[in-house]
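Every heavy atom of this structure was used, including side-chain atoms; hydrogens, water molecules and symmetry mates were not. Just so you know, ligand 1 is whichever comes first in the structure, and atom 1 is the first atom listed for that ligand.
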Amino acid sequence: MFNITPTPAFADNYIWLLKSEQNPEVAVVDPGDATPVLERLQSEQLSLGAILITHHHHDHTGGIRRLKAAFPHVRVYGPADEPIPGITHPLTEGDEVQLPWCSDSLRVFEIPGHTAGHIAYAGDGLLFCGDTLFAGGCGRVFDGTMAQMAASLQRIAQLPEETLLYCAHEYTQDNLGFAQLVEPENQAIAARQEATRMMRSQGQPSVPSLLSLELKTNPFLRTQNPTVIAAAEQWAKKPLSGNVALFSALRSWKDRDYD
Ligand code: ZN
Ligand code: FE
């Protein structure tokens, strides 16, 4: 099993580092910046064996070139359908990533929406979901569609409830503020806000998060909840039916009137 720890980058990115017992070779997920990764590898005497990319945005891919220069044999996995220089192992739905120094493998899910070719990496009880699902929220819809994003989130929602979700940004507090606006009476959201405030004040990351907690507190996974539906309809000023319409209203609400 992997040991997984974050390396913070930029203002609020996390570059996840996957290490397996006793082995100096590691993998990193979405290295937007090479500097913190190189510093960490050096201080912990680790060598980079693989880079896993979820989507093409620069804050997830900007470090590839320098990491490859430092570790010329590194394998660079990433979505086949996105323009990402430096990928050596292009991936599509169902592909398996077998890291050579590690017995565990990861399976590829295509979860478009934030971008049109966004992928996630699923392991035993965990998911690296990039900018698709965030703790308490979800990514914006850029070059994918609202329908794709709604379907991708539903797919994540159907994983086992104890799945740990490793997203790529620390956006939890902001997201929970919106969640509370949607569902002011939801006690699980209030409790999570308090817990998150504590973690952040102690400098702890608020991710990974548990899917079971997301299902109770993340409005974008709660589009079947009557309170969420009523709030979205009130914002949209019209009746909404179906998951895509509901999701789309929530996403537009947060984009236009919250952030
Ligand atoms: Zn992104
Ligand atoms: Fe990002």
Side-chain angles (χ1 to χ4, degrees), residues 4-18 27-37 40 51-67 76-87 90-92 108-122 126-153 155-156 164-178 196 200 205-209 214 218 220-221 247-248 250-252 254-256 258-259:
I4 305 167
T5 47
T7 301
F10 308 119
D12 52 33
N13 282 68
Y14 289 129
I15 301 170
W16 295 104
L17 185 142
L18 288 66
V28 291
V29 183
D30 287 349
D33 187 0
T35 303
V37 176
R40 182 165 175 198
I51 294 172
L52 306 171
I53 300 292
T54 63
H55 67 291
H56 70 84
H57 288 158
H58 190 74
D59 63 312
H60 301 250
T61 58
I64 297 175
R65 196 178 51 79
R66 277 180 60 213
L67 292 172
V76 187
Y77 296 91
D81 297 335
E82 299 218 328
I84 305 170
I87 299 275
L91 301 169
T92 55
V108 174
F109 288 3
E110 288 180 355
I111 48 165
H114 176 69
T115 64
H118 196 300
I119 60 171
Y121 298 87
L126 59 91
L127 186 76
F128 293 102
C129 52
D131 284 357
T132 299
L133 184 109
F134 292 126
C138 72
R140 286 173 186 259
V141 174
F142 290 112
D143 38 325
T145 66
M146 290 285 188
Q148 284 178 329
M149 190 64 156
S152 295
L153 291 171
R155 184 172 180 191
I156 294 173
L164 281 170
L165 302 164
Y166 290 83
C167 62
H169 289 271
E170 177 66 58
Y171 288 159
T172 317
Q173 281 179 304
D174 171 80
N175 285 335
L176 291 174
F178 178 71
T196 304
R200 298 302 298 143
S206 67
V207 287
S209 72
E214 295 305 327
N218 187 327
F220 298 98
L221 300 183
F247 168 77
S248 185
L250 288 170
R251 189 60 263 180
S252 306
K254 187 165 191 285
D255 289 344
R256 290 180 212 157
Y258 181 76
D259 282 329

Quick one: name the protein N/O/S atoms under 2.8 Å from the Zn ion (ligand 1), chain by chain.
-> H55 NE2, H57 ND1, H114 NE2, D131 OD2
Is it true that H169 and H60 have ring centroids separated by less than 6.0 Å?
-> yes
Do the side chains of L153 and N218 get nearer than 4.5 Å, heavy atoms only?
-> no
Please confirm whether the backbone N or O of C167 pairs with a side-chain atom of W16, one donor and one acceptor, at under 3.5 Å?
-> yes
E170-S206 side chain donor-acceptor pair, cut-off 3.5 Å = yes
Pairing residues for F109 by the ring pair (Phe, Tyr, Trp, His ring centres under 6.0 Å) criterion, not counting sequence neighbours = none
Donor + acceptor pair across side chains of T5, R40 (<3.5 Å) | yes
Everything protein-side that's N, O or S and under 2.8 Å from the Fe ion (ligand 2): list it, residue and atom.
-> D59 OD2, H60 NE2, D131 OD2, H169 NE2
If you measure from CG on L165 to CG on L133, what distance do you get to the nearest 0.5 Å?
-> 5.5 Å
Validation row: I156, T132 side chains within 4.5 angstrom (heavy atoms) = yes
Ring pair (Phe, Tyr, Trp, His ring centres under 6.0 Å) with F247: which residues, sequence neighbours excluded?
-> F220
